[in-house]
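Working notes, beginning with the structure itself.
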Amino acid sequence: MYRTQINANVPIQNGSGQIIVDLPDILHAGDYLMVGDTETRWRVKESTLIVHDEFHPKKEYVDLVLDVTK
């Protein structure tokens, strides 16, 4: 599982444009996912994989950051 931060310019869940979820796969630009309060299909605009090392320890971490759009 990949701890994933999802960012959008419109609300995804509870009026927030950002949520953190666990995803089984790494998504890339052009992929789609369903997440949030509604059954909305989101398109991944940008995908950033986080490398954890001594400069980016796994303390309150995410493995992946996705920027999405409806």
Side-chain angles (χ1 to χ4, degrees):
M1 294 299 253
Y2 296 93
R3 190 89 173 141
T4 305
Q5 176 180 316
I6 300 174
N7 302 321
N9 61 353
V10 295
I12 298 174
Q13 184 174 355
N14 297 328
S16 174
Q18 181 184 84
I19 63 170
I20 296 180
V21 297
D22 290 317
L23 295 178
D25 297 309
I26 295 175
L27 299 177
H28 303 283
D31 290 340
Y32 290 90
L33 74 155
M34 306 255 314
V35 68
D37 289 336
T38 63
E39 294 297 319
T40 303
R41 187 168 91 150
W42 298 88
R43 183 177 180 277
V44 177
K45 290 190 313 185
E46 185 177 342
S47 174
T48 305
L49 183 65
I50 307 298
V51 175
H52 298 288
D53 57 17
E54 64 270 14
F55 301 108
H56 302 91
K58 282 192 165 194
K59 180 181 175 187
E60 296 186 21
Y61 71 96
V62 294
D63 298 307
L64 183 65
V65 177
L66 299 177
D67 289 321
V68 298
T69 187
K70 280 189 175 184

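Side chains included, hydrogens not; waters and symmetry mates left out as well; all remaining heavy atoms used. The model shown is predicted, which means the values in this text are computed figures rather than measured ones.
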Worksheet item: Taking a hydrophobic cluster as the set of Ile, Leu, Val, Met, Phe, Trp and Tyr residues connected by side-chain heavy atoms closer than 4.5 Å, whether directly or through intermediates, do Y2 and L27 fall within one such cluster?
Response: yes
Discussion item. Assigning hydrophobic clusters by single linkage (Ile, Leu, Val, Met, Phe, Trp, Tyr; side-chain heavy-atom cutoff under 4.5 Å), is V65 placed with I19?
Written reply: no
Discussion item. Between W42 and M34, is there a side-chain heavy-atom distance shorter than 4.5 Å?
Written reply: no
Worksheet item: How about L66 and D31: do any of their side-chain heavy atoms sit closer than 4.5 Å?
Response: no
Discussion item. Quick check: is L49 connected to V62 through a chain of hydrophobic side chains (ILVMFWY, heavy atoms under 4.5 Å apart)?
Written reply: no
Worksheet, complete the sentence: In short, A29 meets K45 closest at the heavy-atom pair CB-O, 3.5 Å
Worksheet entry | Minimum-distance pair of heavy atoms, taken over all atoms of Q5 and Q18 | NE2-NE2, 2.9 Å
Practice prompt. Give a yes or no on whether V35 and Y32 share a hydrophobic cluster (residues Ile, Leu, Val, Met, Phe, Trp, Tyr; joining criterion: side-chain heavy atoms under 4.5 Å apart).
Written response: no
Discussion item. Determine whether a donor-acceptor pair (N or O, by modelled atom type, separation under 3.5 Å) exists between the side chain of S16 and the backbone of N14.
Written reply: no
Worksheet entry | Shortest non-hydrogen separation from G30 to R43 and the atoms involved | CA-NH2, 4.0 Å
Fill in: Distance-minimising heavy-atom pair for L64 and I50
N-CG1, 4.3 Å
Worksheet, complete the sentence: For D63 and M1, the nearest pair of non-hydrogen atoms, with its separation, is OD2-O, 4.2 Å
Worksheet item: With no hydrogens and no angle check, is any side-chain donor or acceptor of N7 less than 3.5 Å from a backbone partner on D67?
Response: no
Item to complete: Return the minimal non-hydrogen interatomic distance between V44 and V68, and the atom names on each side.
Response: CA-CG1, 4.2 Å
Worksheet, complete the sentence: Here the gap from I20 atom CD1 to I6 atom CD1, rounded to the nearest 0.5 Å, amounts to 9.5 Å
